[in-house]
Amino acid sequence: MTRIAFIGLGNMGGGMAANQARAQHAVAAYDLSPEALERAVSAGCHAAESVAEAVREAEVVITMLPAGSHVRAVYADEILPNAAKDALLIDCSTIDVESARAVAAWAVAEGFRFADAPVSGGTAAADAGTLAFMVGCEADVFAAVEAALAPMARVVIHAGASGAGQAAKICNNMLLGVSMLGVCEAFALAEKLGLEAERFFEIASKSSGQCWSLTAYCPVPGVGPQTPADRGYAGGFATAMMLKDLKLAQDAAAKAGATTPMGAQAEALYALFDGLGYAGKDFSAVIEMLRGRLSALA
Ligand code: NAD
């Protein structure tokens, strides 16, 4: 049994903390939202009154917060001044690479072990304990990080030094956004050319256009395996989340001097779709915008 502090019990953190409690760890949980905290308690966690109280006795501290500004503030003001120096600190939020590296530097300067460990997989994977973690940390810290994440994970991969987990996450999601838009455009063109969606799926799945967005997450209802398209684009990976990750990728590209015009185009298209009122729809629903059929979306 490990004493774990879990900070941030929202859509993702709630299920993740529950899986740590299910694995018989002692989880001291904290969230600004009383409702989120209550849900964590009913899943077997203990409620802490503050971040400081949650982390004071912890051997492992896990954070799952909205963005870089929250992570910087919670670590600087509450975790680093109150946690024991031998505690292992793991931030699982999706944030900018710069903030991840800054927080890692502060933590290491104070003698802590720190890892950035963003996840792939949505709330269903968080609830089921089947998330994929991409980890940025020193090589000699990785084994402890892997063990701490195990109750929440399908796979834990060491991406490299501090910030590498966040870098892997935004590069992967930029690729996903671009490939989904490519798949959507191809189906929209196929339709205009009178090609049946199912026939096109069968052919492209076995040809050089094959990719995950096509074969595992097809944006056309009734084609391929069950996906959010088959339930009105509800659930899945929300457009707002994809847009957040595309913005992080563009921000990182600008700072690093990388040329990412397809990523920029994907950000612009998802910003348009989000602005039209579809932030909560699965990101594959963007096909209806490209087909000129937004009215089909409830
Ligand atoms: P969420 O908004 O549901 O949860 C965030 C929680 O953090 C909220 O409950 C909020 O009250 C809490 N919080 C904010 N500031 C706090 C503070 N100072 N102290 C304590 N608690 C605080 O968000 P989410 O969907 O759970 O996402 C969390 C992170 O995971 C984000 O970085 C997101 O990009 C990433 N992510 C989300 C998904 C997804 O499908 N939802 C998938 C992969 C990664």
Side-chain angles (χ1 to χ4, degrees), residues 5-19 27-41 43 45 47-55 58 61-83 90-97 99-100 103 116-135 149 152-155 165-166 168-170 172-174 176-177 217 228 233-249 251-252 270 274 279-284:
F6 208 110
I7 316 299
L9 308 161
N11 294 321
M12 295 294 289
M16 293 163 71
N19 282 319
V27 183
Y30 181 73
D31 194 293
L32 294 175
S33 150
E35 294 77 30
L37 194 51
E38 223 163 85
R39 276 195 302 275
V41 169
C45 303
E49 300 268 311
S50 63
V51 175
E53 186 193 307
V55 303
V61 175
I62 300 173
T63 46
M64 193 57 167
L65 296 164
S69 55
H70 306 85
V71 173
R72 283 178 183 256
V74 167
Y75 276 87
D77 303 340
E78 303 182 79
I79 296 177
L80 300 181
N82 292 293
I90 308 174
D91 178 41
C92 297
S93 327
T94 300
I95 65 171
D96 55 292
V97 176
S99 291
V103 174
D116 55 285
V119 305
S120 176
T123 52
D127 291 344
T130 56
L131 292 165
F133 288 85
M134 313 162 205
V135 181
L149 298 178
M152 311 183 289
R154 174 172 54 81
V155 62
Q166 298 295 349
K169 164 86 185 176
I170 58 173
N172 178 73
N173 280 21
M174 182 178 78
L176 174 63
Y217 214 90
Y233 303 99
F237 186 45
T239 289
M241 289 283 173
M242 173 50 84
L243 182 58
K244 173 191 170 183
D245 293 352
L246 288 167
K247 282 181 196 286
L248 287 173
D251 188 43
Y270 275 108
D274 180 284
K281 287 283 178 195
D282 181 74
F283 78 119
S284 64

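Just follow the structure's listing: the first ligand is 1, and inside any ligand the first atom is 1.
There is a protein heavy atom closer than 4.0 angstrom to atom 21 (N) of ligand 1.
Considering backbone and side-chain N/O of Asp31, one or more are found under 3.5 Å from N/O of ligand 1. Any N or O atom pair closer than 3.5 Å counts here, and Pro66 shares at least one such pair with ligand 1. Residue Ile7 has no N or O atom closer than 3.5 Å to an N or O atom of ligand 1. By the 3.5 Å distance cut-off applied to N or O atoms, Thr94 is counted among the residues near ligand 1.
Sorted by first and then second residue, the side chain to side chain donor-acceptor pair (under 3.5 Å) pairs involving residues 234-249 (not counting sequence neighbours) are Asn173-Asp245.
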Pair up each side-chain donor or acceptor in residues 33-40 with any protein partner under 3.5 Å, not counting sequence neighbours, and list the distances.
from  : atom 1 : to    : atom 2 : distance (Å)
Ser33 : OG     : Glu35 : N      : 3.4
Ser33 : OG     : Glu35 : OE1    : 3.3
Ser33 : OG     : Ala36 : N      : 3.0

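When non-hydrogen atoms are compared, ligand 1 lies under 4.0 Å from neither the backbone nor the side chain of Met242. With a 4.0 Å heavy-atom cut-off, ligand 1 is reached by the side chain of Val74 but not by its N, CA, C or O.
Residue, atom and distance of the protein heavy atom nearest to atom 34 (O) of ligand 1 are Lys244 NZ, 2.8 Å. In terms of protein heavy-atom proximity, atom 19 (N) of ligand 1 is closest to Leu32 CG, 3.7 Å.
Nearest approach of Asp116 to Ala100, heavy atoms of both residues: CB-CB, 4.2 Å.
Close approach to Gly122 involves these atoms of ligand 1, each under 4.0 Å from a residue heavy atom: 40 (O).
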